[in-house]
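Residue numbers begin at 1 in each chain, while the letters A, B, ... track the order of the sequences.
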There are 2 protein chains.
Amino acid sequence: METYSIKDIAKLAGVSVATVSRVINNKGKYSQQTKEKVLRIIKETNYKIDTSAQSLRTNITHTIGILVPDIENSFFANLVQKIEEKLFEKHYSTFICNTDKNEKKEKAYLTMLENKKVDGIIVISGSYRQGFTFKSSLKSIPYICIDRSPKNINETVFISSNHKQGAIDATNYLLSRHSIHPAIIMEKKNLSTSIKARLEGFKQTLDQRHIDSNVLYYSNNHSIKEFIDIHPYTDAFFAINDNLAITAIMTLKAMKIRIPEDIQVIGFDNIPSAKVIEPSLTTISQNIEEIAEVAVENILKRIQNFPNLGQQILIATHLVKRNSTY
Amino acid sequence: METYSIKDIAKLAGVSVATVSRVINNKGKYSQQTKEKVLRIIKETNYKIDTSAQSLRTNITHTIGILVPDIENSFFANLVQKIEEKLFEKHYSTFICNTDKNEKKEKAYLTMLENKKVDGIIVISGSYRQGFTFKSSLKSIPYICIDRSPKNINETVFISSNHKQGAIDATNYLLSRHSIHPAIIMEKKNLSTSIKARLEGFKQTLDQRHIDSNVLYYSNNHSIKEFIDIHPYTDAFFAINDNLAITAIMTLKAMKIRIPEDIQVIGFDNIPSAKVIEPSLTTISQNIEEIAEVAVENILKRIQNFPNLGQQILIATHLVKRNSTY
DNA sequence: ATGAAAGCGCTAACAT
DNA sequence: ATGTTAGCGCTTTCAT
């Protein structure tokens, strides 16, 4: 199969390349007749525009990069997928960059994104380095942040679930289900923007009610047993995410502790396994669809220089009641 | 921040653009001294090569497309992620194209991939249309197939788990665990290459032992109850994939049927939930790492016109024993 | 409404 | 070892 250039199309259609370009891009003036002729030839030849040439000329690639710290995480995976889907509908292609929480990889991806001249970047979470300096490298490429509070909000837009309110809802729910001594389970290392907000929501809720807030720093299953030995009155766990909730449930079951009778458990994220575990996991669900929608909308606004800088957009979560709580 | 072109670098380094290009691409001859000077300027200016221009000139994009039918499926998601990771290590970027089993989307993605002049395409599964004709559109772009038997093996490479052997292993395992009347669970619609191979492995194993092979076509949970009403002697299910296995386990438990005492269940794919469900699911695990490795290796060979056409590569599976079988 | 031509940033063939 | 230059396919300004 031969490969045609705009010159070939012009010749075959008996017009100039400028006219072909006008028709393709639906820009400038051309007669209906010319349009039909050109489009016919394009179809016949199966002509495909060369986006390298187009980008070289216009400096627009119609391509977006997504930086994601951990694509194995089902929340991130779903989010990225939804964003890609919505971007494709708007005729943008997407480079998905799984940084694996690895700074070196993140840098390599950023270089790649700059070389490929992506029109914009969506930065998702990532806490591995405090205040990672996008500024130096990304000054020229517009970007927005999801779940990562930017160093300088005035050069971007910040989008996130309302993690704090979600945690408040979770904690209040436990209390309304007669928990008197709830504890939170989290990992010591992972202190992303969103995790911090969840912790804050939990603590604040208990503070207001003058209840001690105990923190179980999970390292291995034994750390759960240990915690319960020290805090035997614990009657509920708010796990900072579903993976931790599931680990907790499995450990508690192995310890012959009944859920929810002895200890209730609530998670955060609503991952697929939450429905499958027994008892099924009560959890806080993030509105992935909405986050994706808002992210796409705002990165495109940034690209078009629409004045949306400095905005912080919080998306509501909702409680999914299942059987790990009363 | 200013943006520099190769011309600027040449001027700043006091050499010609050709020399800069040589240094950048580590091609041709240049003195150590020149190299150092050029690299220093590149670093100082934070110069980034313009891949649009490079691709326009060379017709090489260092970009690969992956066509995947359903990225929500955890097997596909992991596979795609591994492939992307390995490609990035080899300095290739990846466009992940989730076709959603939608022919129109697949076509749109293919057009995009051609416009963007990807160097190669990795086609994963997809059974939605028998013998989808890549030929017309992909004659020019090298591609390889994973889990989708190509119409013409002589223009590609076919890579897949050994699904048939996996199914044989699963079936034999059930029989070795004293199952006398195993049945297979599958969906009527989904007849991808790999699903067919699994079914074949199941049937062939039972045929050889002169055992009737019953097929439960799953449509909803009631179809499971119905099947058991009609085939009350069923003592084991081989589910064509883990999702179906998990659905079956949940339904059977709701029916107060004990697993594995009354009915054993074995799945295929080893998705994350398989560990979480109770009883945990015995399943056949695919070697995703290996498939990804082989896929990357072979698409790069195709791109370099290395003679690997017509090959069929089968990757071994392995049995993961858990508690849904004896 | 259409065409001619410059030029985006790069590579590679050719010259020195 | 280094420089000069044509040209990849496209868009866009300026003519007409």
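Checking each of A:Ile6, A:Ile9, A:Ile24, A:Val20 against A:Ile49 for a side chain to side chain contact (heavy atoms under 4.5 Å, CB included) leaves exactly one that passes, namely A:Ile24. For the side chain to side chain contact (heavy atoms under 4.5 Å, CB included) with B:Val80, the qualifying choice from B:Asn73, B:Ile71, B:Leu67, B:Asn98 is B:Ile71, the only one to do so. The only member of B:Ile66, B:Ile146, B:Ile124 that meets side chain to side chain contact (heavy atoms under 4.5 Å, CB included) when paired with B:Phe76 is B:Ile124.
Within the 4.0 Å cut-off from OP1 or OP2 of D:dC10, not a single side-chain nitrogen or oxygen of A:Tyr4 is found. The phosphate of C:dC8 has neither OP1 nor OP2 within less than 4.0 Å of any side-chain N or O from A:Asn59. Here A:Ser21 does not reach the OP1 or OP2 of D:dC10: none of its side-chain N or O atoms lies under 4.0 Å away. Not one side-chain nitrogen or oxygen of B:Gln54 sits closer than 4.0 Å to the OP1 or OP2 atom of C:dG9.
Regarding A:His62, its NE2 atom lies at a distance of 14 Å from the C1' atom of D:dC10, rounded to whole Å. If you measure from atom CD1 of A:Ile60 to atom P of D:dC10, you get 16 Å, rounded to the nearest angstrom. If you take CG of A:Asp8 and P of D:dG9, they are 8 Å apart, rounded to a whole angstrom. The CG-C1' distance, from B:Asn25 to C:dC10, rounds to 9 Å in whole Å. Between the CG atom of A:Asp50 and the C1' atom of D:dT11 there is a distance of 13 Å, given to the nearest Å. If you measure from atom CD of A:Glu114 to atom C1' of C:dG9, you get 17 Å, rounded to the nearest angstrom. In this structure, A:Lys7 places its NZ atom 10 Å from P of D:dC10, rounding to the nearest Å.
Each of B:Ser52 and B:Lys27 lies near DNA chain C, and the nucleotide nearest B:Ser52 is the one positioned closer to the 5' end.
Shown here are the ring-ring contact (aromatic ring centres under 6.0 Å, His included) partners of B:Phe95, two or more places apart in sequence or in another chain: A:Phe95.
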Do B:Arg40 and B:Glu36 pass the salt bridge (Lys or Arg N to Asp or Glu O under 4.0 Å) test, and can you show the C-alpha distance, the side-chain angles, and the key distance before you say yes or no?
CA-CA 6 Å; B:Arg40 186 169 53 74; B:Glu36 279 165 15; over 6 Å; no
If a protein heavy atom is under 4.0 Å from the base, mark B; if only from the sugar-phosphate, S; if neither, -; do that for nucleotides 1-7 of chain D going 5' to 3'.
BBBBBBB
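The structure places OG1 of B:Thr3 at 9.5 Å from CD of A:Glu114, a figure rounded to the nearest 0.5 Å.
Under the 30°/60° scheme for interplanar angles, the aromatic rings of B:Tyr109 and A:Phe88 are found to lie parallel.
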